[in-house]
Amino acid sequence: MGSQGGFYQSKEFLDLVKSIGEARSKAEEDRIVLNEIDTLKRRISEPDIPKRKMKEYIIRLVYIEMLGHDASFGYIHAVKMTHDDSLLVKRTGYLAVTLFLNEDHDLIILIVNTIQKDLKSDNYLVVCAALNAVCKLINEETIPAVLPQVVELLAHPKEAVRKKAVMALHRFYQKSPSSVSHLISNFRKRLSDNDPGVMGATLCPLFDLITQDVNSYKDLVISFVSILKQVAERRLSKAYDYHQMPAPFIQIKLLKILALLGSGDKQASENMYTVVGDIFRKCDSSSNIGNAVLYECICCVSSIYPNPKLLDSAADVISTFLKSDSHNLKYMGIDALGRLIKISPEIAEQHQLAVIDCLEDPDDTLKRKTFELLYKMTKSTNVDVIVDRMIDYMISINDNHYKTEIASRCVELAEQFAPSNQWFILTMNKVFEHAGDLVNIKVAHNLMRLIAEGFGEDDDNADSKLRSSAVESYLRILGEPNLPSVFLQVICWVLGEYGTADGMFSASDITGKLCDVAEAYSSDETVKAYAVTALMKIYAFEIAAGRKVDMLPECQSLMEELLASHSTDLQQRAYELQAVIGLDTHTVECIMPSDASCEDIEVDKDLSFLNGYIQEAIEKGAQPYIPESERSGVLNMGNFRNQDHHEPSHGLRFEAYELPKPAVQSRIPQAVPPSTEIVPVPEPMYPSEIYQTPTPSNPSNAGSTELKLRLDGVQKKWGRPTYTPETSTSTSTSQKTVNGAAQVEGASTVNSTRETYASRKPQVEISHEKQKLAASLFGGSSKPEKRPATGHKVSKASSHVVEKSHVPKSSKEVASEKTAPAQPPPDLLDLGEPTDTSTAPSLDPFTQLEGLLDTTQVASAANGATAASSSPDVMALYADTPIGIHNKDDTDLLSGLSNPSVTNVPGATAKPQITQSSGKGPNPKGSLEKDALVRQMGVNPSSQNPNLFKDLLG
Amino acid sequence: MGIRFILMVNKQGQTRLAQYYEWLTLEERRALEGEIVRKCLARNEQQCSFVEHRNYKIVYRRYASLFFLVGVDNDENELAILEFIHLLVETMDRHFGNVCELDIMFHLEKAHFMLDEMVMNGSVVETSKANILSPIQLMEKAS
């Protein structure tokens, strides 16, 4: 164990930890904790508890809360402990308080005073402890109490204090930006602090600030670039190295900042090209941390103004990621690909098979990431395949959160790229059927409006065909049990409007179905209301057509029920229906015109038709109307007008009757780039040809001319203009022919492309299914100029498959060698890096042992001083163990104390890695060392929970 | 804010350390911990070390019987977080010497102190092991 120092622990505490550690079940753990709560409640309020004892009690309270029980009875003692003079006790008090209390807790007010005092302390460690607490406990109201002191500490001689003061200020900025708006310049100043730790910390607030307002920080581009350059050139202290990478976490933070600053700014970006290129070259792609930095480079490159050379480097890294066997790297590769295709869409094609592998992988995380990528690369040629896949996946999962997300994406893609109306309605039906209650109600309203408006062209025939097919599909779907409420509302509305329009179904067919709905979902008042109104429309249309209305018996009983309904809305509708039935043909035609849901209704918001009446009244001496909000104040007509405008029009009963204008506006925010994009990509990010001719019509026109379908209207109306720049003429011609071929849905596209694909590459052993999928998703393989590239890619992909077939074998080998101790693999260190695992067994266990001893000796020699100084403590601690055992263990313990953790022996960088990766088996030294602890505690590693003793780092 | 919480949970699903960088009530913490531990335990070693959960992305890594789970925002570099976990374990290993689950249990406050040096306001602020450990060593000496 590490040195005990001031971290004294009593037998009681050890017993508690031991019993928690050995608890076999949650129930047992709960019992122990409840027992502990009882004990502490009694003990903690006793008078004159020694400091150390109190500190231990507080840690026991932390345990209680950590294990999910309430320890509020002891909060006040933790607060008291922050007053203590002893640094360790004080800091433990602060720690407990930050874990227990949120910033709005009543007890905070008792701590602010202590914090203020501690911020002035001479001991910088006390100041640091207080600053840590500031970051967690100070809320908007208490900021002024500590702000002046925190600002003063920004110039403290100790770098640790400066660093924490910067972070405290960062915290204030997060809580209340206005409270520190006059202090922002301090962050800029600290960026040039000569301590790398302070500089690194300053990047956190700067990142937030730059995210908020890029333009105010463009002047810092040069500074950030030069810092990054120095870091990459190893100018920082070696202490910041991690696995031979110079300060990788700082590099990543800087790259994130550069990505923000260079986004859409050619001039700023040009300053960054050299340093980012250098990092691409220098990064070690065999280590996780190297890949983390490479990934951040790709993010940066795809955000700043494009540079062909850097894009090439990024593409190379992506392809190594995707070809890797590590799922983690594949995941990063898919994510990076999604970023890069926005700039160079053609890159996706090279990786089509890898992407499909990921899509079909059983790993859910990878699958979702791949769907995210597909979502980004959807266009009108592949939308049907992608949305079908998404819906299948949506049906297969249970997680409502993700179901909602994927459903809304399906809707978005369908609205934007739908190849035909028929397809759109069928797709929406599927989405509603399986995720109806999770879909935003607006989507339902959009669907109704689409069916009502048709496609904005004067082709009534097509529109009515669309409606008939919708009606038909809904009548079929109504047979399914448990349909979501939102979907039923759509169905009722459409049946009411168009159920009898084409004469295929009689009024009694439709009304019968509507009554069934109202009965089957009798607890859902909204659905019932929709059903009743639909009934009213059907009857009204019948009357208008001069036919006699025969109410079905079930319909009559429904009416009787609703006339006495507790819901005033339902009652009202039922009475209205009753009234309408009694009216004559002409009146009915006026109040319920057929297919008029899209007619704009003039809403006279100023109620000008009343002007004459008002005038008359005022002349007769009436008071002019004063709006409620202004009754006490000065009458201001302009203000009055404004308020009137903001009021939503409540007058209409159905949303579909609303004026189209506000609804269309409200759709636009939804169509704005989805949340998955980290950095909003501004206009200038598109490839140069578009960038150079920034005519406003460019992107949307490119999309629609190429489509040549009559759904152009839909695109304009329903989605944002597609911004995947489709420039290749060959693709567009192929699309035209497909479209010309009487438009047999996407299937024909799939087939034709697949055939050319397959005939060119008959020798490749990739399953037909996958090829088909690839062709339908990426669809670009028909481009003649791409042929060599594709060939190259396929051969690579096939080798990838071969590689894959090796994998199970080698992993089996590893497994068989591991079977001897039937324990789980001791660590995850090399998870996802099969190279490591495969080398491990080849090492001779004896050399491993030697290596281990060597390093311990080196380490103990190096740290001899500390070992000696801490040994008395250990002796004291183990004094009551039997002497014989004590002697035997002592040497091991000392060597253990002297920090054998190989990684920190300076200069010995190559060796530690070997010992680390080979330390798979039981570690002889470690187990001996833990043995001592065992005896001290009176537990046996083999008894209850041997895992507690396992070295984490193996 | 990048990091939302850091958890250490063992194979049996028992929490060994929990630090949250945004306030959650006791009940919320309990529910969250239960759900994500169940999710992570169900995964095998070939699968990604990342799991999506509600609005979080969980990056996790297993050492012996102990899982280290870090909940992050969507726009965080997952690989870097994975290495941050490793840095944390290496730092604890340097301090405790062959760190094991029991070390963390016996010295819960020390493990917290290390984290407090490494992460503030949900951002990684210190990655030099010497800088992380020196306050703790000084504190030990002082008392």
Side-chain angles (χ1 to χ4, degrees), chain A residues 2-3 5-7 17 21 29 59 62 66-68 70 86-88 92 95 102 125 128 132 135 167 170-171 197 201 204 239-240 242 249 252 288-289 291-292 295-296 327-328 331-332 363 365-366 368 401 678 826-828 831 896-897 899-901 903-904 926 947-953, chain B residues 10-11 14-15 18 23 26 30 45-52 54 61-66 75 77-80 82-83 87 89-90 93-103 105-110 112-113 116 120-121 123-131 135 138-140 142-143:
Chain A
S3 51
F7 293 77
V17 169
E29 189 187 274
I59 293 169
V62 171
M66 184 175 82
L67 297 174
D70 177 48
S86 151
L87 173 59
L88 178 63
T92 309
L95 171 71
N102 70 351
L125 288 173
C128 284
N132 264 336
C135 282
M167 292 314 283
H170 177 216
R171 171 70 174 182
C204 305
Y240 287 91
Y242 175 80
F249 294 95
I252 287 171
N288 250 340
I289 192 67
N291 286 325
Y295 166 80
E296 208 57 60
H327 271 60
N328 286 348
Y331 176 94
M332 301 311 272
D363 185 346
T365 309
L366 196 53
R368 285 184 191 189
H401 181 82
I678 288 182
D827 68 23
L828 268 198
L831 164 73
L897 277 168
N899 270 344
S901 100
T903 37
N904 45 353
N947 285 325
L948 291 175
F949 299 90
K950 233 178 247 164
D951 294 348
L952 295 184
L953 274 173
Chain B
N10 73 3
K11 245 176 19 185
Q14 296 159 317
T15 310
W23 182 257
L26 212 56
R30 220 165 136 152
E45 295 197 5
Q46 272 72 50
Q47 294 179 324
C48 303
S49 315
F50 322 127
V51 185
E52 279 173 39
R54 301 205 208 153
R61 203 158 172 168
R62 186 179 148 183
Y63 294 89
S65 57
L66 201 58
D75 45 5
N77 183 332
E78 292 90 343
L79 275 184
L82 208 57
E83 289 311 288
L87 174 68
V89 176
E90 280 184 3
D93 199 60
R94 178 186 277 201
H95 186 78
F96 292 117
N98 290 6
V99 62
C100 67
E101 197 177 324
L102 265 188
D103 291 320
M105 294 185 74
F106 279 135
H107 303 286
L108 187 62
E109 75 279 24
K110 275 203 219 175
H112 268 294
F113 292 158
D116 282 350
M120 292 178 88
N121 307 343
S123 308
V124 178
V125 291
E126 187 54 77
T127 54
S128 144
K129 292 191 191 91
N131 286 357
L138 285 171
M139 237 186 315
E140 266 177 24
S143 46

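The figures here come from the full heavy-atom set of this structure, side chains too, leaving out hydrogens, waters and symmetry mates. Convention: sequence-line order gives letters A, B, ...; per-chain numbering from 1.
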Nearest heavy-atom pair of [X] and [Y]: which atoms, and what distance?
| X | Y | result |
| --- | --- | --- |
| Arg54(B) | His401(A) | O-NE2, 3.2 Å |
| Asn132(A) | Met120(B) | OD1-CE, 3.3 Å |
| Ala292(A) | Ala80(B) | CB-N, 3.6 Å |
| His170(A) | Ser123(B) | CE1-OG, 4.2 Å |

Heavy-atom distance under 4.5 Å to chain B: side chain of [X], backbone, both or neither?
| X | result |
| --- | --- |
| Ile252(A) | side chain |
| Ile289(A) | both |
| Glu29(A) | side chain |

About how many Å separate [atom2] of [Y] and [atom1] of [X], when rounded to the nearest 0.5 Å?
| X | Y | atom1 | atom2 | result |
| --- | --- | --- | --- | --- |
| Leu952(A) | Tyr63(B) | CG | OH | 9.0 Å |
| Lys950(A) | Ser65(B) | NZ | OG | 6.0 Å |
| Asp116(B) | Cys128(A) | CG | SG | 11.0 Å |
| Met332(A) | Leu79(B) | CE | CG | 4.0 Å |
| Lys11(B) | Asn947(A) | NZ | CG | 4.5 Å |
| Met167(A) | Asn121(B) | CE | CG | 4.5 Å |

Specify which of [options] makes the most heavy-atom pairs with chain A at under 4.5 Å.
| options | result |
| --- | --- |
| Val89(B), Val124(B), Asn131(B), Leu87(B) | Leu87(B) |
| Glu101(B), His112(B), Glu83(B) | Glu83(B) |
| Thr15(B), Leu108(B), Asn77(B) | Asn77(B) |

Closer than 3.5 angstrom, by distance alone: can the side chain of Thr365(A) be matched with the main-chain N or O of Cys48(B) as a donor-acceptor pair? no
Asn102(A) side-chain N/O to Trp23(B) backbone N/O, donor-acceptor pair under 3.5 Å: no
Walk me through it: do Leu948(A) and Cys100(B) pass the test side chain to side chain contact (heavy atoms under 4.5 Å, CB included)? CA-CA 6 Å; Leu948(A) 291 175; Cys100(B) 67; over 6 Å; no
Derivation and outcome, side-chain hydrogen bond (donor to acceptor under 3.5 Å, both in side chains), residues Gln47(B) and Tyr331(A): CA-CA 10 Å; Gln47(B) 294 179 324; Tyr331(A) 176 94; over 6 Å; no
How would you list, by chain and number, every residue that makes a salt bridge (Lys or Arg N to Asp or Glu O under 4.0 Å) with Arg30(B), sequence neighbours excluded? none
Give me the one residue out of Glu140(B), Met139(B), Glu109(B) that meets side-chain contact (heavy atoms from CB on, under 4.5 Å) with Leu88(A). Met139(B)
Assess whether side chain to side chain contact (heavy atoms under 4.5 Å, CB included) is satisfied between Asn98(B) and Leu953(A), documenting all intermediate values. CA-CA 7 Å; Asn98(B) 290 6; Leu953(A) 274 173; over 6 Å; no
Pairwise side-chain contact, Phe50(B) with Leu366(A), heavy-atom cut-off 4.5 Å (strictly under): no
Are the side chains of Asp951(A) and Val99(B) in touch, meaning some heavy atoms are under 4.5 Å apart? no
According to side-chain contact (heavy atoms from CB on, under 4.5 Å), who are the partners of Asp70(A), at least two apart in sequence or on a separate chain? Glu65(A), Ser72(A), Tyr75(A), Leu26(B)
Begin with the C-alpha distance, continue with both residues' side-chain angles, and end with the deciding distance and a verdict on side chain to side chain contact (heavy atoms under 4.5 Å, CB included) for Thr127(B) and Tyr242(A). CA-CA 8 Å; Thr127(B) 54; Tyr242(A) 175 80; over 6 Å; no
